[in-house]
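Down below is the structure, laid out as structure tokens.
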Amino acid sequence: MKSFHKVFNEAENKISGVAAAPGIVVANAYLYIKDKLEINHSRVTDTEEAIKNFDESLAKSKKELSKILDLAKEKMNDTRIAIFEAQVMILDDPVLIDKIKERIGNERMQPESIVDDEISKYQKIMIASEETYLKERAHDIEDIKNRIIRNLQKKRWESKIPHDAVVVSDSLTPADTILFTKSHAQAFITDHGGLTSHAAIISRSLNIPAVVGTHNSTQKIKDGDTLIVDGFHGYVIINPNKEQIEFFKTKHERLVELQKGLEEFVDKPAMTKDGREINLMANVDVTGEIDLVVSSGAKGIGLYRTEQIIDELGEIPNEEEQVRIYTNLSSRIYPESFIIRAFDIGGDKFKLFDYDEPNPFLGLRGIRFLLENPVLLKTQVRAVLRASYNKNIKFMLPMVSTIGEIRKTKDLIEECKKELRHEKINFDKNLKVGIMVEVPSAAVMANEFAREVDFLSIGTNDLIQYLMAVDRGNDLVADLYQEFNPAVVKTLSFIINEGKKEGIEVSLCGEMAADTLAIPLLIGLGLESLSIAPTTILYAKRIIRNISYENAKKMADDCLSCHYEYQVAERIEKFFEENKITRTRNII
Ligand code: PEP
Ligand code: MG
């Protein structure tokens, strides 16, 4: 069989998007196109009749929403239900309702025109607000506004769709998402939306695969097309060919096989057969993933990518907002530790300022960017410190390439501590500060850098790209992005040993740690701490509990004397055979 890369990555019938909810599905497409609402701005002659119509549409909207709320209660936990409860509350808001009625009476305009104007005013205030919570509610209000207007226009709200379909839409509201489960929707694909759109969050809660932000799926996909949806990697294949179907089937069968009996590992430690316990933590990209982290049995959060908050909010969160987010997440995970990584802005991640860099990956990224923008860094450090009083928070710096950067940041942390002491604000005086080792200079100087910090975390995603000089997102050189290249293996071994010589914790939080084939190698190289995506925790635990450290070490020693990538891969595969463990590289 051809590689994943050939069958899927290069396929012309493939659409890529954001992997918003995991799972793999093959089903037929249902194009859910909402008609654009045309608002009637004409005058009315009978205002009493108009107010009566408005009352009726309110009552109908309430009835619809309470049905959705019931369904939501059946399918989801309390935090998610709050989205719908908030919508019901808006319909009950006397100030808003009275204002609309008053205006219909005074201005003698169509109720839909007043509803549109009045609720839009609310939305604008909320969008302009500093509070994330209010911004989110502005989105929910859009749904309510459209619902009332649609009911005023006596249009039907389409919620019945063909059974077992993949719903393809421009965007989905939380209500759409929940209602479509009645028709057993198999997956969701949307042109717009990110990981944190409510529809994405709800899909994750409902365990329905979703790929969002595809830009053009509603143009490329037709009703009834057969689709393969991969919510793990964020792609959709339209009308797959035989080879793709075969590939998918094998993948799916493997997935089902691998999922069997996984739950038994939730409460078990990630301990090798010869008693070496691995600290298995989770990487968190969006706040919504925290439920999954808690239920996966992870030992804390080893990487919280805070730049994602900026992506989620569309702006930099202020100090108070950050304190709220960090406090909330660290309490959920308490007493396990919570590693907050400073904003990793730049590279292929979004830009905050409007300047172009010829080589963004080699440019003003991570700690370099932050030290150039000390106010931003200071705000984050203050927020981290303020949230740290429970003593389970650690702070990590991305893209460090010199000792000077560590020292400057530590000076800034001290300055913030001084300010907080002065302001009589409580914080963890011994807040642990660590760095990502993801640049070759940091790897070469691992020992010297280790003396400056409390922990090291190896970021293989970047380390491999900088070590091998391959852009991690460039398909043309993807073959050279080799996690098993002997240069990578030797560098990892060096960092681990040099860090340990200084007695500090060395962890690894790149994707490599989630590759089940790589796990025995990493443990054999001496790592006792890994941080991986929450969806892969149980797979990793199963591998760890099936190997012995002593054997893994022998295998890793052999790998260290290999000259070629394929030799390393073969040696690892032999290890899997000898130990009778299912080979599960890139399983999902
Ligand atoms: C890494 O580089 O390995 C890493 C974990 O950071 P990111 O993927 O966010 O660059
Ligand atoms: Mg990185």
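A quick note: this is a predicted structure, and the numbers were derived from the prediction, not measured. Just follow the structure's listing: the first ligand is 1, and inside any ligand the first atom is 1.
Results of the side chain to side chain contact (heavy atoms under 4.5 Å, CB included) test with K394 over S388, S330, S337 single out S337 as the only residue that passes.
Looking at E307 next to ligand 1, no N or O pair under 3.5 Å apart turns up.
By the side chain to side chain donor-acceptor pair (under 3.5 Å) test, R571 pairs with D558, sequence neighbours left out. With sequence neighbours left out, K410 forms a side-chain contact (heavy atoms from CB on, under 4.5 Å) with I406, E452.
Residue-ligand proximity: M512 is placed with every non-hydrogen atom at 4.0 Å or more from ligand 1. Distances from ligand 1 to the non-hydrogen atoms of M436 include at least one value under 4.0 Å.
Using a 4.0 Å cut-off to heavy atoms of L303, the atoms of ligand 1 that qualify are 5 (C). Heavy-atom contacts of R305 reach the following atoms of ligand 1: 4 (C), 5 (C), 6 (O), 7 (P), 8 (O), 9 (O) (cutoff under 4.0 Å). Which parts of ligand 1 touch G510 is read off a 4.0 Å heavy-atom cut-off, strictly below it: atoms 3 (O).
Proximity of a side-chain donor or acceptor of N283 to a complementary backbone N or O of C509 within less than 3.5 Å is detected. One N or O on the side chain of K541 and one on the backbone of K268 form a donor-acceptor pair closer than 3.5 Å.
When the Mg ion (ligand 2) is compared with the N/O/S atoms of E438, atom OE1 turns out nearest. The N, O or S atom of D462 with the smallest distance to the Mg ion (ligand 2) is OD2.
Taking the ring centre of F427 as origin, the terminal cationic atom of K429 falls inside the region bounded by 6.0 Å and 45° from the ring axis.
The part of R365 lying near ligand 1 is the side chain, judged by heavy-atom distances below 4.0 Å. Under 4.0 angstrom from ligand 1, there are no non-hydrogen atoms of M399.
More than 12 heavy atoms of other shown residues, nucleotides or ligands fall within 6.0 angstrom of atom NZ in K378.
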